[in-house]
Protein chains: 2
Amino acid sequence: MLRLSKLTDYATVILSFMAKDDLQVHAAMEIASVTGIALPTVSKVLKLLVNAKVLISTRGAKGGYTLAKEPSKITVASVISALEGPIALTECSISQQGCEQASGCGIRGNWSLINQVIHNALESVTLADMIKPTHAQDVVRRQEVLIPVASLYR
Amino acid sequence: MLRLSKLTDYATVILSFMAKDDLQVHAAMEIASVTGIALPTVSKVLKLLVNAKVLISTRGAKGGYTLAKEPSKITVASVISALEGPIALTECSISQQGCEQASGCGIRGNWSLINQVIHNALESVTLADMIKPTHAQDVVRRQEVLIPVASLYR
DNA sequence: TTATTGTGGACCATTATAGTACTGTTTAAA
DNA sequence: TTTAAACAGTACTATAATGGTCCACAATAA
């Protein structure tokens with residue numbers, strides 16, 4: 001369904017929480033309790049975000065995670081690719097290998113065009129955009145009770 | 001990986017074949033042998049495309065499938081949603097139900113914006129666009145050997 | 001009436017995903 | 001120097017989604 005994974009969804013929730021007080025160090029435990037996502041799962045997501053250089057980690061006591069850049073420089077595209085690998089709708093868009101062989105297939109070239117459009121769309125939205133309210137109604141609703149993300153998936 | 005399913009990929013291959021001689025009726029068997037996709041799988045895809053009103057089917061002997069509209073009026077978005085359901089990146093974009101409850105979550109409103117952008121991108125590309133060569137190099141390569149799609153997935 | 005062709009549903013094997021656990025490494029602080 | 005806090009890496013399991021196949025049924029042209 002052209003859907004992104006739960007982990008990616010979690011990542012956006014986690015990052016938007018961290019973006020609220022940029023620069024501050026957050027431990028995995030803290031993030032888990034605030035977001036309502038289980039600790040091991042939070043850990044997994046954070047690790048992936050560190051590998052993708054979206055976050056910076058500090059080991060040891062008083063350690064934790066910080067944003068690697070300011071929210072306005074973290075793109076949605078980078079978050080998605082951190083969690084799900086390269087953004088590419090079709091198999092052949094990733095491995096040029098397979099595509100070369102099936103070069104007779106005219107369509108495949110055009111998929112890359114579509115990929116480009118989508119990638120641009122995701123590249124143009126940043127974490128800073130994600131945390132600011134879009135619609136008037138959302139502003140109103142923001143004052144309501146905050147429900148843990150995990151409860152959505154049940 | 002934000003990837004669309006194999007079946008969707010097959011659908012584009014099948015549709016692009018059918019678009020070459022619009023109006024003509026093609027039996028599932030014929031399509032299977034031309035594309036190199038197994039007959040049962042082709043059938044499955046065709047059935048879904050009929051349900052989504054992308055194709056029209058004729059039963060009985062000499063029956064088969066035809067495009068329901070001209071290629072320039074069949075959008076990539078309609079093909080994708082035929083195979084994979086509604087195009088929506090996040091869970092809450094589909095079921096307003098769950099989203100209402102978690103209205104405190106500020107991010108979710110912004111996902112719908114991204115969804116919109118992507119949907120528009122996919123809506124703007126038609127089957128007619130898919131079958132015409134995009135890049136100069138593709139035109140050259142088009143003369144090479146044609147390899148069945150199925151072989152890409154192995 | 002018969003052969004041909006699509007329809008609908010059910011089914012199973014394979015793979016991907018989500019979630020968890022465990023062991024190791026680093027470092028602040030006592 | 002020791003200890004506890006916190007991240008790192010890897011491996012594992014259960015569940016769900018996907019891909020692929022098959023069969024009994026319905027429709028239609030010859």
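Reckoned from all heavy atoms, side chains included, excluding hydrogens, waters and symmetry mates. Numbers restart at 1 for each chain; the letters A, B, ... are given by sequence-line order, proteins then strands.
Between B:Y10 and D:dG20 there is a side-chain polar atom (N or O) within less than 4.0 angstrom of OP1 or OP2. The side chain of B:S57 places no N or O atom within less than 4.0 Å of a non-bridging phosphate oxygen (OP1 or OP2) of C:dT5.
Side-chain atoms of B:F17 and B:H26, non-hydrogen and from C-beta on, do get closer than 4.5 Å to each other. With contacts defined as side-chain heavy-atom distances shorter than 4.5 Å, the pair A:I131/A:L15 does not qualify.
Legend: residues meeting side-chain hydrogen bond (donor to acceptor under 3.5 Å, both in side chains) with A:S81, ordered by chain and number and at least two apart, are absent. In terms of the side-chain hydrogen bond (donor to acceptor under 3.5 Å, both in side chains) criterion, residue partners of B:T8 (sequence neighbours excluded) are, by chain and number, B:S5, B:E84. With sequence neighbours excluded, the residues satisfying side-chain hydrogen bond (donor to acceptor under 3.5 Å, both in side chains) with A:T75 are A:S78, A:E123.
Distance B:I14 CD1 to D:dG19 C1': 14 Å, rounded to the nearest Å. Atom CG of A:L39 and atom P of C:dG19 are 13 Å apart (whole Å). Rounded to an integer number of Å, the gap from NZ of B:K6 to P of D:dA17 is 18 Å. Remark: P of D:dT18 and CG of B:L4 are 12 Å apart, rounded to the nearest angstrom. Distance, B:R3 CZ to D:dG19 C1': 15 Å, rounded to whole Å.
Within a heavy-atom distance below 4.0 Å of DNA chain C, the residues of residues 43-56 of chain A found are A:K44.
Applying the under-4.5 Å side-chain rule to Ile, Leu, Val, Met, Phe, Trp and Tyr, the cluster around A:L39 extends to A:M29.
Distance from the side chain of A:L7 is smallest to C:dG19 among C:dG19, C:dT5, D:dG20. Candidate nucleotides D:dC7, D:dC22, C:dA18 were compared by shortest atom distance to the side chain of A:Y65, and D:dC7 ranks first.
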Identify the pairs formed between an N or O of the protein and an N or O of nucleotides 26-30 of chain C at a distance under 3.5 Å, and give each distance.
unit_1	atom_1	unit_2	atom_2	d
C:dT26	O4'	A:R59	NH1	2.9
C:dT26	O2	A:G60	N	3.4

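In this structure, the separation between CE on B:M18 and CG on B:L127 is 9.5 Å, given to the nearest 0.5 Å.
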| said: side chain to side chain contact (heavy atoms under 4.5 Å, CB included) for A:E30 and A:Y65? Distances and angles first, verdict last. | reply: CA-CA 11 Å; A:E30 178 200 357; A:Y65 299 89; over 6 Å; no
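B:D22 places no side-chain N or O within 3.5 Å of a backbone atom of B:A19 that could act as its donor or acceptor partner.
Both A:H26 and B:P40 lie close to DNA chain D; mapped to their nearest nucleotides by heavy-atom distance, the more 5′-ward contact belongs to A:H26.
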